[in-house]
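Report on the following structure.
All chains are named by letter (A, B, ...) in the order of the sequence lines, taking the proteins before the strands, and each is independently numbered beginning at 1. Just so you know, these numbers come straight off a predicted model, no measurement behind them. Below, all heavy atoms of this structure are taken into account, side chains as well, without hydrogens, waters or symmetry copies.
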Protein chains: 2
Amino acid sequence: MARRNDHSREELQSMAIDAARAIISQEGIEGVSARKVAQKIGYTVGTLYQSFENIHDLVLHANAFTLSELLAELDVAAGASRDPQQRVLKIAETYLRFAEGHERQWAAVFRHSLPRGHIMPDWYQARVDALFALLENALRTLAPRRSRQSIQLASRTLWSSVHGICILHTGDKLFSDSIASPQALLQSLVKHYLHSWLNEGKSG
Amino acid sequence: MARRNDHSREELQSMAIDAARAIISQEGIEGVSARKVAQKIGYTVGTLYQSFENIHDLVLHANAFTLSELLAELDVAAGASRDPQQRVLKIAETYLRFAEGHERQWAAVFRHSLPRGHIMPDWYQARVDALFALLENALRTLAPRRSRQSIQLASRTLWSSVHGICILHTGDKLFSDSIASPQALLQSLVKHYLHSWLNEGKSG
DNA sequence: AGCATAATTGAACAATGTTTAATATTCAAG
DNA sequence: CTTGAATATTAAACATTGTTCAATTATGCT
C-alpha cells in the first residue's frame, strides 16, 4: 500500500494527469481508463476518485493542459511577425502544426464530450477564451479602427474556419485525394478573407 | 424466439439501423449499445452480429444514413438559387440548419471514430465525396474559367471553414458569449472569401 | 417425416466506470 | 510512547459495455 505521505493530493493529481496525457498521446482518448491511469501511477482506482469527480473530470484536466501548451505556442507565434497580416497567417499555421504534432492530444480536446447536463467548468472555459482572444487581438492591431463587433465577427469566422481546416485534415482524413495541402487551404483562407475584409467600406 | 422468416436479413439490418438512429437522436451516440439496439428491434445481441461486424459498423451505417439525408437537403438547396454566389451561401446555410436540426445525428457523424487500423469503407467515403463534389460544382459554375486545381482548393477551403463554423456552434458551445450568430459567421466567410477569390487575377 | 442448414438464443468473458466497507497510515493529544 | 481520531488506500463488488460461441430452434428440401 502506498503510504499516505508519499505524495500530496496535488502531486497525485498531477501524476494522474500526466499519466492520462501519456496514454492519450500513445493510444488516443479511447485508451484512457481509470484502472490504466491508476496502475501507471502506482495506486488503485479508488484513490483516483478522491482527486477527480469522475473519469471525464480527469480527461478534462488533461485536455486543459493541452490547451495551455497550444496557447503558449500561439503566443510565441503571435509575437514573431511584424506584419500584422503575416501574424494572422502565422497563428493559423502554428495551430495547424500543433494539431499535426500533437494529433491525439488535440483530437482528445475536441472529441471529448461531457456527460449530459454537465457544463464546462470556468477554469476550462477560460483557456478556450484565451485562444479566441489571441486572434482577436491580432485582428485589432490589423484594423484598429474597426468596431469591436466587426472584429469579433471576423476573428470568430477566421478561427472557426482555421479550426475546420485542421479538423478535416487530421485524423479522419475526410479528403480522400490529397491534392491540396492543409497549408494551402490556410493560406487561401487567410489571404482571401482578410483581403476582402480589410477593403470593406473603402471600395463599397 | 423470433422466427427466422419474420424478417429478412435486409429488413433486420434496416431495423437495426433505424433503432440506432432513434437512439442517437434521443440520447446521442454515447447512448448506443448493442443490447439496447437489439432490444428495440426484438432480438438479442448475438443476432446483431450476424448483420454487422461490430458496433462501429452499425453506427457507421446509421451515420451514412445521416449523410444521405444531408446530401438530399443540400441538393435541393443547390438547385434553389439562380445566382451562383447566392447558391454557395445557400449551401452553407443549409448545412448549418441541418446541423442544428439534427444535432445529435450530425455530432455522431463527426464524433465517431473507427477502431485503430480500420479504414473507412468505400460506400461511406463515397457519400463524403458527394458532399464535397456538391460545393465543387457550385464553384465551377461560379467561375467556369478557373483551373480544376484552383476550384478544388477553393471548394475545400470553403467547405472546411463552413464545417468549422458549424462544429464550433453546435453542441460544445465553444463561444461563451453569443454576440455573433453562426449565420453571420457564414455570411461573412462566404462573402469575403468569394469576393477576393473571384477577383483574383483581375486586379493583381 | 426426417434431415441438413442456418438463424437465434442465452450464457459466458474481459473490460469499463463507480461505490463502499474494510484496512492501513498518519498525526495530534495525553 | 501509546492511544485514538481522522483519513488515505485498497480490494471487492455492481452494473454495463462489446464480443464470442455452444446449444437450441426454426426452416426448407428430399
Seminar exercise, completed: B:Tyr43 atom OH is separated from C:dA7 atom C1', nearest whole Å, by 9 Å
Exercise. Between B:His118 (NE2) and D:dT19 (P), how many Å, whole number?
Worked result: 10 Å
For this session: State which of D:dT9, C:dT8, C:dT16 makes the closest approach to the side chain of A:Ser33.
Result: C:dT16
For this session: Side chain of A:Leu12 only, please: which of C:dG17, C:dT9, D:dT9 is the nearest?
Result: D:dT9
Problem set entry | Earlier contact from the 5' end, DNA chain C, for B:Thr47 and A:Asn54 | B:Thr47
Exercise. Any cation-pi pair here, A:Arg111 with A:Trp106, using under 6.0 Å and within 45°?
Worked result: no
Seminar exercise, completed: Whole-Å distance, B:Leu48 CG to C:dT9 C1', equals 13 Å
Problem set entry | Under-4.0 Å salt bridge between A:Glu136 and A:Arg148 | no
For this session: Side chain of B:Tyr49 only, please: which of C:dT16, D:dT19, C:dT18 is the nearest?
Result: D:dT19
Problem set entry | A:His56 ring center near A:His118 ring center (under 6.0 Å) | no
For this session: Measure from the side chain of A:Thr44, starting at C-beta and using heavy atoms only, and say which of D:dG18, C:dG17, D:dA11 lies closest.
Result: D:dA11
For this session: Establish, yes or no, whether a centroid distance under 6.0 Å links the rings of B:Trp123 and B:His61.
Result: yes
Exercise. Once you round it to whole Å, what is the distance between C1' of D:dA8 and CD1 of A:Ile41?
Worked result: 13 Å
For this session: Check whether the side chain of B:Arg35 and the base of D:dT19 form a donor-acceptor pair under 3.5 Å.
Result: yes
